[in-house]
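In what follows, a single structure is set out as structure tokens and then discussed.
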Amino acid sequence: MRSIALIDVNNFYVSCERVFNPKLIGIPVVVLSNNDGCAVARSNEAKSLGIPMGAPWFKLKDLVRQYDIVGLSSNYALYADMSNRVMSILREYSPDQEVYSIDESFLDLTGFQSRNLIKYGQHMRKRILRWTGLPVCVGIGSTKTLSKLANHCAKKQAVFNGVCNLNALSTSEINLLFSQIGIGEVWGIGRKLAPRLQALGLNTVLDLKRANPKILRQQFSVIMEKTVNELNGTVCIELEDIAPPKQQIMSSRSFGRTVQDYNSLAESITRYVSSAAVKLRKQQSLAGSVYVYIATSPFKLDETKYSNGIRIPFPMPTDDTRQLASIALWALKQIYKPNYNYAKAGILLSDLVNRGQLQTDLFSSVQGSLNSGALMAAMDGINRKLGKESIKLASEGFSRPWRMKQDNKSPSYTTKWCDLPVVY
């Protein structure tokens, strides 16, 4: 029997904030999306007040005053660094790891059957808490879908004390457990598919486990068939030691305030291109086209609306930030119209190809491509060593009046020397 573990940090964004600000422990905390718009993370205290995921912050003002709710701007640098620390610790527990998201990681523990895996999971929890201050739960099952469910049980049921190993339970114990869990908790089901399944009389995880996978495939998809099979212990989704390269790379943000002038839009487009280009080079890919779009706010009914986008294919795939920015800015000129209050802009790099599989033509300059690669590598190296945007294109701008609003952002405790906590 396979033993797949899913380790998940509890309330990740909020927990990261509490590590460096213990005053937040025990009080309702909400972490907000870009421009302090909506709730993207909530402490258990905030959840108990009925604050839903995605709730607009401005609509919570009465609750904020009544219960002294703390709202914090997203601190992505802090969250990414804390995530890297957790994932590096988990790497010591198994050679087979899949980093599934910023706060979740799968480990293959099949070769550790001689160990007591519940104690092994508790050891993970204690070490991560001691070394990073972050609380985690561990779920273990014979498939990835079962390990996800086990993690849910570890979080929600105190009897498991943070570690649930379904492989250690009998079939009757598992069925009793699954009969008490709603079908929406199954990995990949969620809010959209749950009502359709409930209409067929499938209300719990146990109902789905006992369903006919072939019939559900006809009514839904092959993914649903795989889900049912995984609930019954048949591995259909393998661990991915190396995440597959992205087929598209998007970079987009809503502005902190609306802008009308072309220069501000050009600065934002260049910034987004630069950010996407770094990700492009990191996965050793080249982009074959770029899509550029701009839009006014759809929520301001008293303002004239305008949105437009344009896709530009490249003569030759590239990862050179300068070339990408130059083409993106040309595209912006084609769609820009003055006297509109623009609230958002973004770019999408697509038609990605592996850098090592690029086919050039007779008129391509191979030497120019090599020189470009060396320059981009130097830029990335400097920015990794000295901090983001230590070296950048001048067209990214400096004042950036359009920059994202983060009025309640905590310090970058682990990534900036000036923000390091001082211990007295």
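- Between the side chain of N383 and the backbone N or O of I391 there is at least one donor-acceptor pair closer than 3.5 Å.
- With 3.5 Å as the limit, one finds no donor-acceptor pair spanning the side chains of D96 and S94.
- Counting only distance, with no hydrogens or angles, the side chain of N75 and the backbone of P411 share a donor-acceptor pair below 3.5 Å.
- The neighbour count for I223 CD1, taken as heavy atoms of other residues, nucleotides or ligands under 6.0 Å away, does not exceed 12.
- For T415 (side chain) and A77 (main-chain N/O), no donor-acceptor pair under 3.5 Å exists by modelled atom type.
- At least one side-chain heavy atom of T145 sits less than 4.5 Å from a side-chain heavy atom of V186.
- In this structure, the side chain of R253 does not engage the main chain of K344 through any donor-acceptor pair within 3.5 Å.
- In this structure, S73 contributes its side chain and N408 its backbone to a donor-acceptor pair below 3.5 Å.
- You'll find the side chain of L393 reaches within 4.5 Å of the side chain of T321, heavy atoms only.
- K214 and E225 are joined by a salt bridge, as a carboxylate oxygen and a charged side-chain nitrogen come within less than 4.0 angstrom of each other.
- In this structure, K144 is positioned above the aromatic face of F106, its NZ or CZ under 6.0 Å from the six-membered ring centre and within 45° of the axis.
- Contact detail for S142 and V235: the closest heavy-atom pair is O-CG2, 3.5 Å.
- For the residue pair S252 / Y293, a side-chain donor-acceptor distance below 3.5 Å is found, with atom types taken as modelled.
- The aromatic rings of Y76 and Y13 stand perpendicular to each other, their planes meeting at an angle above 60°, with 30° marking the opposite boundary.
- R210 places a side-chain heavy atom less than 4.5 Å from the side chain of N175.
- The pair D351-R311 counts as a salt bridge, with a side-chain nitrogen and a carboxylate oxygen less than 4.0 angstrom apart.
- Inspection of the T318 and Q323 side chains reveals an N or O donor paired with an N or O acceptor under 3.5 Å.
- Listed here is the closest heavy atom pair of C16 and M82: SG-CB, 3.7 Å.
- The number of heavy-atom neighbours closer than 6.0 Å to NZ of K148, taken from other residues, nucleotides and ligands shown, is above 12.
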task: Go through L352 and L280 one step at a time and tell me if the side chain to side chain contact (heavy atoms under 4.5 Å, CB included) criterion holds.
output: CA-CA 9 Å; L352 306 190; L280 186 71; 3.7 Å; yes
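- Heavy-atom minimum distance, I269 versus G346: CD1-O, 3.9 Å.
- Shortest non-hydrogen contact noted between Y306 and I335 is OH-O, 2.6 Å.
- In the model, R91 has a side-chain atom that pairs as donor or acceptor with a side-chain atom of Q97 under 3.5 Å.
- How far CG of D320 is from CZ of R281: 7.5 Å, rounded to the nearest 0.5 Å.
- Annotation: side chain of L265 is in contact with side chain of F255 (closest heavy-atom distance under 4.5 Å).
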- request: Would you please test Q198 and I183 for side chain to side chain contact (heavy atoms under 4.5 Å, CB included) and show each step?
  value: CA-CA 8 Å; Q198 290 165 351; I183 198 169; 4.1 Å; yes
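- No more than 12 heavy atoms of other residues, nucleotides or ligands lie within 6.0 Å of CD in Q247, so this atom counts as exposed by the packing criterion.
- For the 3.5 Å distance criterion, the side chains of N167 and S3 qualify, holding a donor opposite an acceptor.
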query: Going through the checks in order, is the side chain to side chain donor-acceptor pair (under 3.5 Å) test met by T234 and N232?
result: CA-CA 6 Å; T234 301; N232 286 280; over 6 Å; no
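- Note on R127 versus E92: salt bridge recorded, some NZ/NE/NH1/NH2 to OD/OE distance being below 4.0 Å.
- Looking at Y291 and I310, their side chains never come closer than 4.5 Å, going by heavy atoms from C-beta outward.
- Contact detail for G201 and D207: the closest heavy-atom pair is O-OD2, 3.9 Å.
- In this structure the side chain of I312 never reaches within 4.5 angstrom of the side chain of V292, judged on heavy atoms.
- Checking E267 against T270 by side-chain atom types alone, no donor-acceptor pair falls below 3.5 Å.
- A side-chain donor-acceptor contact under 3.5 Å links S74 to the backbone of L32.
- If you look at Y120 and Y93, their ring centroids are closer than 6.0 Å.
- The residues E17 and K409 are annotated as not salt-bridged, no charged nitrogen and carboxylate oxygen being separated by less than 4.0 angstrom.
- Using modelled atom types, one finds a donor on one side chain and an acceptor on the other under 3.5 Å when comparing N11 with K47.
- Side chain of S83 to main chain of I102: a donor-acceptor pair is present (N/O by atom type, distance under 3.5 Å, no hydrogens or angles).
- Side-chain atoms of N341 and Q260 form a donor-acceptor pair, as typed in the model, at a separation below 3.5 Å.
- Counting non-hydrogen atoms of other residues, nucleotides and ligands closer than 6.0 Å to NZ of K305 gives a total above 12.
- Counting heavy atoms from C-beta outward, D419 and F20 have side chains that stay 4.5 Å or more apart.
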- request: Give the C-alpha distance, both sets of side-chain angles, the deciding distance and a yes or no for side chain to side chain contact (heavy atoms under 4.5 Å, CB included) between R2 and D108.
  value: CA-CA 8 Å; R2 296 280 295 274; D108 192 341; 3.3 Å; yes
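- Heavy atoms only, all atoms of each residue included: S410 and L78 are closest at OG-CD2, 4.4 Å.
- For the residue pair S274/E396, the side-chain donor-acceptor check at 3.5 Å is satisfied.
- The shortest distance between side-chain heavy atoms of V163 and R125 falls below 4.5 Å.
- Between the side chains of D81 and T414, a donor-acceptor pair is found at a separation under 3.5 Å.
- A salt bridge links K155 to D8: one of the charged nitrogens lies within less than 4.0 Å of a carboxylate oxygen.
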